[in-house]
Amino acid sequence: MTPHTHPESAIQPEACRKLAEDFAYALVEGDCTGHDRFHLDRVRQMALRLASLGMMQSSLDILVVEIASLLHDALDSKFSSDPEEQDHRVRALLAAMPMLPEQRDHVFAIISKLGFVHTLPHNASASQSGPTPSGLSIEGQIVQDADKLDALGAIGIARCFAFGGRKGQPLHDPDLRPRESLTAQNYRSGKQSSLNHFHEKLFKLKDMLHTPEAKRIAEKRHAYLRDFLARFEEEWEGKDG
Ligand code: ADP
Ligand code: NI
């Protein structure tokens, strides 16, 4: 995007990056649910990889992709007890970044609707009408794809059980059935097992991706999850070997 009213020199990627890293790394300090700084760095790396392969890369705003990747969990309720205050803090951070005003708005728009919960219907009756459209820009779709890919594969499995352990969930409980449909209301509540999270969410992710490269990478990671589940069930029943 070529700005008409602002000089390109107003943009200082290095300074923006440093501000975003310091803020985001501090926010997730001490996390043991797979949302730590290494998750942010993997999402950034994957998002930049997806962006570099995008057909429309000449019109993609790479700085927006990178900053939104680093800040993608910054508005998540997991990391703040006061959403309004967090909103202010993130806006103040963006205001301090040497980038164009439209880039700040773009980053904020992405991170405020990126999370999985935003793709869920609000409640059970709304779930009849199908998935909600993402309303994300291409940059937002790229960051969302990178975040979803980190919930798949070997790392996705590790993150799922780490999250479940922190939440007090059992690994598996044959008496607990996966819920048919998740809604924004029931996503974070209710007694569940980590293994059911595979059915409720993780197996659905590959069909929610936007970019061709993310879809390609997801196939392998998805298959790995399937293999893991089959193996888990075999061992659970003592039928392996
Ligand atoms: P987002 O996809 O928006 O980052 P979350 O923060 O809810 O959404 O989920 C991130 C990851 O945390 C999931 O992909 C999964 O690995 C783990 N997770 C979230 N909820 C659960 C759960 N109930 N049980 C096990 N793992 C979970
Ligand atoms: Ni994330």
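This one's a predicted model, so the numbers in the text were calculated from it and none came from an experiment. Indexing begins at 1, ligand by ligand and atom by atom, following the structure's order.
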Would S193 count as being in polar contact with ligand 1, using the rule that some N or O on each side must be under 3.5 angstrom apart?
no
C160 heavy atoms, cut-off 4.0 Å: which ligand 1 atoms fall inside?
16 (O), 25 (C), 26 (N)
Can we say D87 and R91 salt-bridge, meaning some charged N sits less than 4.0 Å from an Asp/Glu carboxylate O?
yes
Does K201 have a heavy atom less than 4.0 Å from any atom of ligand 1?
yes
Could you tell me whether E29 and R37 have a side-chain N and a carboxylate O separated by less than 4.0 Å?
no
Output yes when the distance from some N or O of ligand 1 to some N or O of D73 is under 3.5 Å, and no in every other case.
no
Just by distance, with hydrogens left out, do D145 and T211 show a side-chain donor and acceptor under 3.5 Å apart?
yes
Ring-plane angle category for F198 and F203, please: parallel below 30°, perpendicular beyond 60°, tilted otherwise.
perpendicular
So, 4.0 Å and heavy atoms of Q169: is ligand 1 close enough to count as a contact?
yes
For ligand 1, which atoms sit closer than 4.0 Å to a heavy atom of K167?
23 (N)
Heteroatom test (N, O or S) for H72 near the Ni ion (ligand 2), limit 2.8 Å:
yes
Numbering the atoms of ligand 1 from 1, which are under 4.0 Å from a heavy atom of G115?
3 (O)
Cationic N near anionic O, under 4.0 Å, E21 to R17:
no
So among Q144, H39, R44, which one has a side chain to side chain donor-acceptor pair (under 3.5 Å) with H72?
H39
Say whether K78 and ligand 1 are in contact under the criterion: heavy-atom distance to a ligand atom below 4.0 Å.
yes
Do S194 and F163 make a side-chain contact, defined as non-hydrogen atoms from C-beta onward lying under 4.5 Å apart?
no
Treating Ile, Leu, Val, Met, Phe, Trp and Tyr as nodes and any side-chain heavy-atom pair under 4.5 angstrom as an edge, say whether L176 and W236 lie in one connected cluster.
no
Can you tell me which N/O/S atom of D147 has the shortest distance to the Ni ion (ligand 2)?
OD1
Ligand 1 versus T33: contacting region, heavy-atom distance under 4.0 Å:
neither
When you measure from the heavy atoms of N196 to every atom of ligand 1, does any distance fall below 4.0 Å?
no
Quick check: are there more than 12 heavy atoms from other residues, nucleotides or ligands sitting under 6.0 Å from CZ of F232?
yes
Does ligand 1 have a heavy atom under 4.0 Å from the side chain of K148, from its backbone, from both, or from neither?
neither
Considering only heavy atoms of A151, which atoms of ligand 1 have at least one such atom less than 4.0 Å away?
14 (O)
What atoms of ligand 1 come closer than 4.0 angstrom to any heavy atom of L202?
14 (O)
If we ignore angles and hydrogens, is there a donor and acceptor under 3.5 Å between the side chains of N196 and Q192?
yes
